[in-house]
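Here's the structure we're looking at; comments come further down.
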Amino acid sequence: MDWNVERLEHCASTMDEAETRAKAGAPDGTVVVSTQMEEGRGRHGRAWSSPEGGLYLSMVLRDVPNPQFLTMALGNAVADALEVAGAEPRLKWVNDVFVEDRKIAGILVEAESTGNTIDFVVAGIGINANGHASEWGTPLSETAITLQDVLGADICMEDLEALLLDEVSRWVEVVRQGRSDEILAAWRAREYLVGKKIGLDPDGDLCTKVVGTVVGVDDEGRLLLETETGIQAFNDGSVFIS
Ligand code: BTN
C-alpha cells in the first residue's frame, strides 16, 4: 500500500482527524500520526491514555469488506511488528495486544456506512513504545507495559512506525483478498485468553457479565465461551480476567 503520512504534534484524537480527512475524500492509505492526544479513545468510548512516547496513528482504509477480520488482521500486524522488535506478543480478543500479561497496544476500528455499504474505515493503533508504565497512575501502572519496559532500551519511533506500516500493508491485503483462514490461523497462534476463566460484558455497558472459560474464536472471529448453559459465541464485548 502507498501510505501518505501526516504528522501532528498533538490533537484530540487521531480517529477524528482521520475521519475528517476521509469525509473530505482523503484516499485509501491516508495516515495521521500524533505525538500526543488529549482525548485518545478506545473501544466502547473508553479513554486511551496518550502521553508522549507512544505511537498513535489512525489510517483511512477503503474497500475493506469485513471490519471484524480487519481488527484481527491488524492485531496480527501489530504482533508481527512487536515480534520483529524483540517482544513476545499475545492477542487478547478482540483488539488488545499483550506482552508479559500486560497491555502494550490496542486497536480501534470505526466504520462509516451508508445502508449496508461501508464507505470507509478508520483504523487506529496505539502502541506503548517509550516511557515506563510503572510511572503512570493506577490502574495503568499495574495493567500496562511499554516496549521500552520489555526491551530495556529506547525505541526508535521512526523504525517502529515504518515496521508497523509494512506489516499493516501486508495484512490489509490479506483482508482484501478474503483470506480469513490465514488471519485466524495467525491470530489463534498467539491467542492469550484460551483456557482462561473470564467475565464478558457483551455490550461494554458494564451492566451484564457472562462468566465462562474461553474455548477460542470461531471461524467468524467470535469469542467462544464455555458457560453454565453451554458454549456461547460473542461478536463483541469487553473481557475481564478473573
Ligand atoms: C482499545 O484498546 O480499546 C483501543 C485503543 C486504540 C488507541 C488508538 S491510539 C490511535 C487512535 N486514536 C485514538 O484516539 N485511539 C486510537
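Remember, it's a predicted structure, so these values are computed and weren't measured experimentally. First listed ligand is number 1; within each ligand, the first listed atom is number 1.
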Legend entry - Common cluster, Met1/Val64, ILVMFWY with side-chain heavy-atom separation under 4.5 Å: yes
Inset, instruction - Run the numbers on Glu17 and Thr20 for side chain to side chain donor-acceptor pair (under 3.5 Å), then give the verdict. - result: CA-CA 5 Å; Glu17 296 289 337; Thr20 303; 5.8 Å; no
Inset, instruction - Say whether, by atom type as modelled, one donor and one acceptor occur between the side chain of Ser113 and the main chain of Gly115 under 3.5 angstrom. - result: no
Legend entry - Short side-chain to backbone donor-acceptor contact, Asp201 and Ser238, under 3.5 Å: no
Legend entry - Cluster check Val60, Leu70: I/L/V/M/F/W/Y, side chain < 4.5 angstrom: no
Could you tell me, for ligand 1, which of its N or O atoms are under 3.5 Å from any protein N or O, listing the pairs and their distances rounded to 0.1 Å?
from, atom 1, to, atom 2, distance (Å)
ligand 1, 2 (O), Lys103, NZ, 2.5
ligand 1, 3 (O), Arg43, N, 2.8
ligand 1, 3 (O), Asn95, ND2, 3.3
ligand 1, 12 (N), Thr14, OG1, 2.8
ligand 1, 14 (O), Ser13, OG, 2.7
ligand 1, 14 (O), Arg41, N, 2.8
ligand 1, 15 (N), Arg41, O, 2.7

Legend entry - Sidechain-backbone polar pair: Asp218 side chain, Ala233 backbone, donor-acceptor under 3.5 Å: no
